[in-house]
Every structure is written in C-alpha cells, then in structure tokens.
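Quick one: structure below, then a few questions.
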There are 2 protein chains.
Amino acid sequence: MFRSLAVVGATGAVGRIMVELLEKSALQFENIKFLASKRSVGKTLTFRGREYSVEELRPEAFDGVDLAVSSTPDEVAREFIPEAVKRGCVVVDESAAWRMDPEVPLVIPEVNPHAAFRHKGIIASPNCSTTQMVVALKPLHDYGRVKRVVVSTYQAASGAGVGGTKDLIEGTRAYLEDRPYQYTTFAHPLAFNLIPQIGSPKHAGYTSEEMKMVLETRKIMEDESIQICATCVRVPVANSHSETILVETEKKITVEKARELFASFPGIVVVDDLPNKKYPMPMDCTGRDEVFVGRIREDLSSPNGLVFWCVSDNLRKGAATNAVQIVELLIRGRPN
Amino acid sequence: MFRSLAVVGATGAVGRIMVELLEKSALQFENIKFLASKRSVGKTLTFRGREYSVEELRPEAFDGVDLAVSSTPDEVAREFIPEAVKRGCVVVDESAAWRMDPEVPLVIPEVNPHAAFRHKGIIASPNCSTTQMVVALKPLHDYGRVKRVVVSTYQAASGAGVGGTKDLIEGTRAYLEDRPYQYTTFAHPLAFNLIPQIGSPKHAGYTSEEMKMVLETRKIMEDESIQICATCVRVPVANSHSETILVETEKKITVEKARELFASFPGIVVVDDLPNKKYPMPMDCTGRDEVFVGRIREDLSSPNGLVFWCVSDNLRKGAATNAVQIVELLIRGRPN
C-alpha cells in the first residue's frame with residue numbers, strides 16, 4: 001500500500017535523524033525522495049548506499065507519493081501538507097500545525113496506536129517535551145489514573161533546531177574567549193544562562209510550549225480531566241530534554257510499583273540508583289531512542305503523589321523516532 | 001557591644017563576598033580579622049584600604065572576638081564554632097552544621113528577624129536554594145497561608161564552591177576543544193549536561209539538598225504543617241540559582257495580588273513581562289543582592305495554586321548577603 005515515501009525537511013536537525021532511522025529500519029520502499037526548502041535544493045544525501053539529490057518542496061513533489069514523514073516549521077506544514085493529502089499522500093507530521101485539529105490523530109505508538117488508524121490523511125507527532133512525559137505517564141495512568149501533573153522542563157538548545165545548537169556552542173565559545181556573540185535563534189544569551197521562555201505568550205501567562213504540554217497530553221491520553229501545570233525552561237544543554245514530573249493519581253502508586261510499571265512499558269528505561277549516583281542525564285540519553293526515568297520518589301507533599309526525573313533525546317523520541325515509529329505502525333497495520 | 005569581628009573562611013567563594021559586603025556596609029569595628037584554613041595562611045587581603053594577613057582558624061583565634069561570620073565546610077563549623085562560642089563570641093554561620101539544632105535560630109532577616117535574638121551564641125543562615133524560596137514564599141504565606149510547595153531547582157556550579165565553578169568552566173572549555181577533563185567537584189561532567197543530584201541520599205530517595213528545602217523552610221516559617229516536595233538539579237550555569245515554585249495556599253492569591261505582595265516585600269524584585277521577553281535570568285541576577293521573581297501565573301492544575309520562577313545569586317542572598325544582613329540585624333538590635 002505504501003510503496004513510495006517522501007522525507008520532508010530532510011536536511012534539518014530532525015530530518016537528518018529521520019533519514020538515519022529509516023535507513024536502519026526494516027522498511028522497504030520502491031521509491032524514496034527527499035524534499036527540503038529551496039535553500040537545500042541541490043544538496044545530495046546518501047541513503048542505503050545510493051545518492052539522492054534533495055528536491056524542492058513543492059505541491060507537485062507529492063505526485064505519486066503514498067506516504068510522507070515531515071519535519072518543517074509550522075507555516076510550511078500548514079501550506080504543503082494539504083497539497084500532499086490532496087494528491088493521495090498520507091503525511092506523518094512533526095510540526096505543531098495540525099496537532100490540535102480534531103480531525104488529526106496525535107499519536108505516540110506506545111500510548112495510543114489505535115488513534116493512528118482514524119486518520120484522514122494527516123497524523124501528527126507530538127511536541128518533544130510532551131512526548132517523553134506522556135510515555136512516562138501512560139503506565140501510571142493505566143494503573144492508577146493520573147489526575148494532576150506538575151512539570152518543570154530543562155530543555156536543550158537543539159529543540160530550537162540547528163540554529164539553537166549553533167547559538168549555544170558558538171555563544172559559549174565566545175563567552176569563554178571574552179568575545180561578543182550575536183545570538184540568532186534565542187532572544188537572550190544561553191551560554192551559562194537559563195531562559196524561562198519557550199515559544200510565545202499563549203494563555204494566562206503560559207507560553208505556547210507550556211500549553212502544548214497541557215493540551216497535547218489530554219488529547220493523546222484521551223482524558224480531558226487531567227490537570228496539568230507546566231513551566232518550560234531553556235537550559236544550556238546541547239541535546240536531550242529533561243523534566244521533573246510530579247503526578248497525583250487516583251490510586252496510590254508506590255515507588256516499587258512505579259518502577260515495575262515503568263520497566264515493563266515499551267520504550268522506557270529505568271536508571272534509578274541514587275546511592276551509586278545513577279540517574280538519567282542528557283549526556284547519556286543523547287543518541288538513544290528511549291525515554292529514561294529515575295529519581296523515583298513518593299511525593300512528600302501529597303498522599304497519592306509520585307515524583308520523578310525524565311530524560312529523552314528530543315530529536316529522537318521527541319521527534320524523529322516517534323515519527324518513524326508512526327510510519328512503521330501504519331505499514332505494520334492495525335493490531336488484531 | 002560587638003567591637004571586634006572575625007570573618008571565617010574569608011578566602012572562599014562566599015567569604016570573599018562577605019568581605020566585600022562588610023567593606024561597603026556602614027558597620028564599624030575596632031578590630032577585624034580574617035581567618036581561613038592553613039592553606040590560605042599568609043595570603044593578604046585588603047579591607048577599607050588596609051592590608052590584613054589571613055590568620056589560621058584555631059580555637060585561640062577567637063580570643064577577644066565578639067562576633068564572627070563564618071562560611072566553611074560543615075565539619076569545620078562543627079569543630080570550631082563551639083570553641084568560638086566558649087570564648088564569648090557570637091557566630092553567624094553559613095554552613096549546614098547547626099541549622100537544624102533546636103537551640104540555634106535559622107534566620108532570614110526579611111522573614112524571621114525576631115528569631116535572631118533568641119540565639120545562644122550561634123545563628124545559622126539557611127541553605128542557598130532554601131533562602132531565595134522562603135523570601136518569595138513569606139509574603140504569600142502572610143497573606144494566604146502556604147499549605148504546599150512543589151519546587152524544582154536549576155542550581156549553578158558556584159553552589160559547590162570555587163571548585164564547582166572551575167569544573168564547569170574548565171570542563172566546558174575542554175569539551176569545546178575535544179580534550180578530556182577530570183572533574184574534581186562534580187561526580188559527572190557538567191558541561192552541556194544536567195546532574196539531578198545535589199548532596200547525598202538522605203530520606204526516602206530524596207537528597208540532603210532536597211530535604212534542606214523541606215526542613216529549613218518549615219523551621220524559618222515556624223510552620224511544620226507546610227508540605228514541600230523538592231527536586232534539586234545542578235545545571236551548567238556559572239552562578240545564580242533558579243527555581244520553579246508552585247504554591248498552594250489556603251486563601252486564593254490572584255496573579256495581580258501576588259505581584260503586589262512580591263513587589264512590596266523587602267528584598268524582592270519583580271521582573272515579569274513575558275510579552276516583552278522579560279523575566280529573571282541568572283546572567284542578570286548575578287552580583288545582585290535581591291531575590292527576583294517572574295513568570296507569575298495561576299496554577300492551571302489546582303484551585304488555589306500559584307506558580308512562578310525565582311532567581312537569586314546563590315553566593316549573595318543565598319549565602320554572604322544573608323549572613324551580613326544577620327550581622328547588621330544583631331548590631332542594629334531588636335526592633336521595638
């Protein structure tokens with residue numbers, strides 16, 4: 001059914017990893033093409049030993065394409081994805097453009113695979129900071145019903161794209177050499193600093209990134225009653241987002257039970273041995289496709305609270321890995 | 001009454017700032033001496049235009065000293081402070097050694113000045129991450145009674161002393177130059193990384209730093225009913241600690257009311273204008289003596305919750321400034 005694939009935004013930070021993951025996967029396509037903005041046209045790209053020229057992202061580029069995975073800015077996704085769908089192409093989209101559209105399923109394959117098959121041409125992959133949190137929440141929700149979440153994020157520079165990473169690395173280099181540096185992606189210096197704003201002001205003092213964590217989580221979990229308070233902060237880490245997550249559940253979950261629930265859930269790795277100084281850290285999670293949890297404790301401030309630390313590579317499970325897993329899910333088909 | 005002063009640990013990261021603050025203050029002493037460990041003996045130090053030799057910290061060094069401000073490792077404080085007290089010296093101590101002793105007042109001058117005058121020779125200054133949080137909580141508590149606090153910290157390298165800052169800066173330099181670097185203060189690399197452990201394992205999976213935030217807060221606020229859940233994380237920031245703080249109060253506090261309460265409380269500066277990208281950041285708070293709050297929002301997940309972002313220079317209000325303010329309080333005397 002899906003014989004030809006297009007990778008849209010193939011030269012971006014997430015796109016490059018999508019290409020890498022597709023290359024390593026068992027997926028086979030008769031045709032594959034790599035699309036990007038005009039700027040990247042003419043670049044070449046090697047896929048499974050063959051060279052491909054990057055083609056321009058235009059409506060006609062989707063002619064004869066069955067399936068696309070797309071990682072572009074929101075406004076690009078808003079413009080081109082309807083054109084792809086019009087041409088019979090199913091699009092797995094990493095952008096925020098379509099996530100909250102009631103017609104578009106928002107999918108994490110470990111969490112709500114069934115939703116993917118309700119698509120009408122577009123399937124959205126969630127925001128990076130949401131995905132890792134929801135993967136961690138899901139086994140707790142299934143066991144004890146999550147009622148409330150308080151989350152603080154520690155988000156890496158790469159979440160702002162290639163320019164974000166460049167800003168952090170070059171800004172830090174300049175700082176250490178006592179040279180000025182003009183940040184292009186971030187509104188403030190990030191070297192040895194923190195920026196408590198990701199996205200634009202959205203609702204009641206919360207940013208768009210913070211509201212994504214609220215609204216996308218409810219949509220994926222299919223539970224509008226979950227109460228969520230998020231604070232999103234950019235930290236001078238190159239890659240992998242981290243989060244402190246406090247969860248209040250209807251049914252009490254002990255630390256031992258939580259560890260067991262996490263460990264038996266697909267895609268979660270538990271690293272939790274404080275006496276031996278073992279817990280997930282960005283440096284260890286970068287390049288990995290799983291969601292890592294540690295520092296699991298009972299909340300000292302509520303009867304049914306649990307608190308933990310969660311790290312995941314935001315370019316992988318937070319973006320490319322999840323999108324490619326949706327592609328695999330679509331091709332594998334609905335479970336019986 | 002207090003004619004002679006000793007500064008203990010005068011050459012450390014906090015000690016140097018205590019010396020600077022004392023120099024700039026209106027305080028006058030007939031005698032002042034600077035004590036430090038053997039390693040620093042012989043170093044000289046300029047204070048108000050006069051040169052002083054650093055003297056060795058020995059019990060006899062406190063003979064004839066009325067008042068001391070001390071910033072040393074806990075074990076040093078445990079050994080020498082009783083010797084100072086025995087010699088009639090009142091000690092304002094920055095270490096954790098005596099903070100939870102029921103005989104020792106734990107004081108933030110804006111919060112519980114009265115407690116200072118109950119001392120029996122030792123007055124403790126709280127942990128850095130606790131101090132800035134409690135300053136921010138106090139006006140909310142006075143107005144609406146704080147019942148519960150959920151805090152996640154973003155703590156700077158300088159909180160681990162001079163060695164911590166060196167580890168971060170040299171570790172980052174080495175990372176950028178692709179050289180190995182042996183961290184001496186931190187158990188893991190901090191360059192472009194996060195370490196979700198500060199202090200040692202203490203209680204039910206919480207670290208000593210996290211439990212300080214629970215126990216010291218209750219002691220300073222004189223309210224054992226306040227429920228607190230803390231997660232403390234070391235971030236690759238050179239100086240100034242940041243915190244996301246969620247507070248649940250008995251009486252509802254609106255954002256407008258909170259802003260008013262914060263702004264009229266001594267030692268708090270409100271920087272809260274998200275549409276114009278203004279909020280406290282470590283780079284702006286370093287070298288400042290106040291506690292900065294911003295990103296003030298109503299909690300979306302509870303009826304009487306308020307959430308905000310709080311930054312303060314951990315070496316200043318978190319340590320040196322608070323200690324020197326206690327000295328000023330003692331000298332000014334009990335308010336009528």
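In the text below, chain A, chain B and the rest are named by the order of the sequence lines, each starting its count at 1.
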Check your understanding: Under the side chain to side chain contact (heavy atoms under 4.5 Å, CB included) criterion, do B:His203 and A:Leu300 qualify, and how do the steps go?
Key -> CA-CA 10 Å; B:His203 169 73; A:Leu300 295 179; 4.3 Å; yes

**Study point:** Greater than 12 external heavy atoms within 6.0 Å of A:Lys252's NZ
**Key:**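 Yes - once you tally the heavy atoms of other residues, nucleotides and ligands closer than 6.0 Å, there are more than 12.
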
Review point. Which atoms form the tightest heavy-atom contact between B:Ala204 and A:Arg297, and what is the distance?
Key: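 Smallest interatomic distance, heavy atoms only, reads O-CG, 3.7 Å.
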
**Study point:** Winner by heavy-atom pair count (cut-off under 4.5 Å) against chain B, out of A:Val233, A:Val307, A:Ile296
**Key:**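 Top option by heavy-atom pairs under 4.5 Å: A:Val233.
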
Exercise for review: May I ask you to test the B:Asp299-A:Arg148 pair for a side-chain heavy-atom distance under 4.5 Å?
Suggested key: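 Answer yes - side chains close enough.
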
**Study point:** Selection from B:Val311, B:Val149, B:Leu168, B:Leu194 maximising heavy-atom pairs under 4.5 Å formed with chain A
**Key:**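 The residue among B:Val311, B:Val149, B:Leu168, B:Leu194 with the greatest pair count is B:Leu194.
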
Point to revise | Gap between atom CZ of B:Arg234 and atom CE of A:Met281 - 0.5 Å precision | key: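 Nearest 0.5 Å value for the CE-CZ distance: 13.5 Å.
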
Point to revise | Max heavy-atom pair count under 4.5 Å with chain B, selected residue of A:Pro196, A:Ala238, A:Ala156 | key: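 Of the candidates given, the most pairs with chain B belong to A:Pro196.
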
Check your understanding: Counting heavy-atom pairs under 4.5 Å to chain A, which of B:Arg295, B:Glu298, B:Gln227 comes out on top?
Key ->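 Looking at each of B:Arg295, B:Glu298, B:Gln227 in turn, B:Arg295 comes out on top.
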
Check your understanding: Does OH in B:Tyr175 sit with more than 12 non-hydrogen atoms of other residues, nucleotides or ligands closer than 6.0 Å?
Key ->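 At most 12 heavy atoms, drawn from other residues, nucleotides or ligands, come within 6.0 Å of this atom.
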
Review point. Roughly how far, to the nearest 0.5 Å, is OH of B:Tyr154 from OG1 of A:Thr153?
Key: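 Taking OG1 in A:Thr153 and OH in B:Tyr154, the distance rounds to 5.5 Å.
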
Review point. Where on B:Glu177 is there a heavy atom nearer than 4.5 Å to chain A: the side chain, the backbone, both, or neither?
Key: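 No part of B:Glu177 comes within 4.5 Å of chain A.
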
**Study point:** chain B contacts, top residue of A:Gly305, A:Pro236, A:Pro201 (heavy-atom pairs, under 4.5 Å)
**Key:**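 Going by pairs under 4.5 Å, I would pick A:Pro236.
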
Review point. What part of B:Leu246 lies closer than 4.5 angstrom to a heavy atom of chain A: side chain, backbone, both or neither?
Key: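 Just the side chain, heavy atoms under 4.5 Å.
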
Review point. Given that the side chain runs from C-beta out, which part of B:Pro280 has a heavy atom under 4.5 Å from chain A: side chain, backbone, both or neither?
Key: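 Interface part for B:Pro280: backbone (N, CA, C, O).
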
Check your understanding: Between B:Val214, B:Val237, B:Val150, which shows the greatest number of heavy-atom pairs under 4.5 Å with chain A?
Key ->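 Looking at each of B:Val214, B:Val237, B:Val150 in turn, B:Val237 comes out on top.
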
Exercise for review: Measure A:Val255 against the heavy atoms of chain B and call it side chain, backbone, both or neither at under 4.5 Å.
Suggested key: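 A:Val255 has no heavy atom closer than 4.5 Å to chain B.
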
Review point. Relative to chain A, which segment of B:Ala230 carries a heavy atom at a distance below 4.5 Å: side chain, backbone, both, or neither?
Key: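 For B:Ala230, the backbone is the part near chain A, not the side chain.
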
Practice item. Taking the side chain as every heavy atom from C-beta outward, state whether A:Pro282 and B:Asn193 have any atom pair closer than 4.5 Å. Key: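 Yes. Closest side-chain heavy atoms under 4.5 Å.
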
Check your understanding: Where does B:Thr207 contact chain A at under 4.5 Å (heavy atoms): side chain, backbone, both or neither?
Key ->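 Contact with chain A involves both backbone and side-chain atoms of B:Thr207.
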
Review point. Has the side chain of A:Tyr279 got a donor or acceptor atom that lies under 3.5 Å from a matching backbone atom of B:Ile195?
Key: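 Pair absent, no side-chain N/O of A:Tyr279 close to backbone of B:Ile195.
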
Exercise for review: Mind checking the NZ-OG spacing from A:Lys277 to B:Ser200? Nearest 0.5 Å is all I need.
Suggested key: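 Nearest 0.5 Å value for the NZ-OG distance: 8.0 Å.
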
Review point. A:Ser225 versus chain B, heavy atoms under 4.5 Å apart: side chain, backbone, both or neither?
Key: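 Looking at A:Ser225, nothing touches chain B.
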
Practice item. Please state whether the side chain, the backbone, both or neither of B:Arg173 comes within less than 4.5 Å of a heavy atom of chain A. Key: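 Contact with chain A involves both backbone and side-chain atoms of B:Arg173.
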
Point to revise | Side chain, backbone, both or neither of B:Glu210 within contact of chain A (heavy atoms, under 4.5 Å) | key: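 For B:Glu210, the side chain is the part near chain A, not the backbone.
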
Practice item. Report the distance from atom CH2 of A:Trp309 to atom OG of B:Ser152, rounding to the nearest 0.5 Å. Key: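 The OG atom of B:Ser152 is 8.5 Å from CH2 of A:Trp309, to the nearest 0.5 Å.
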
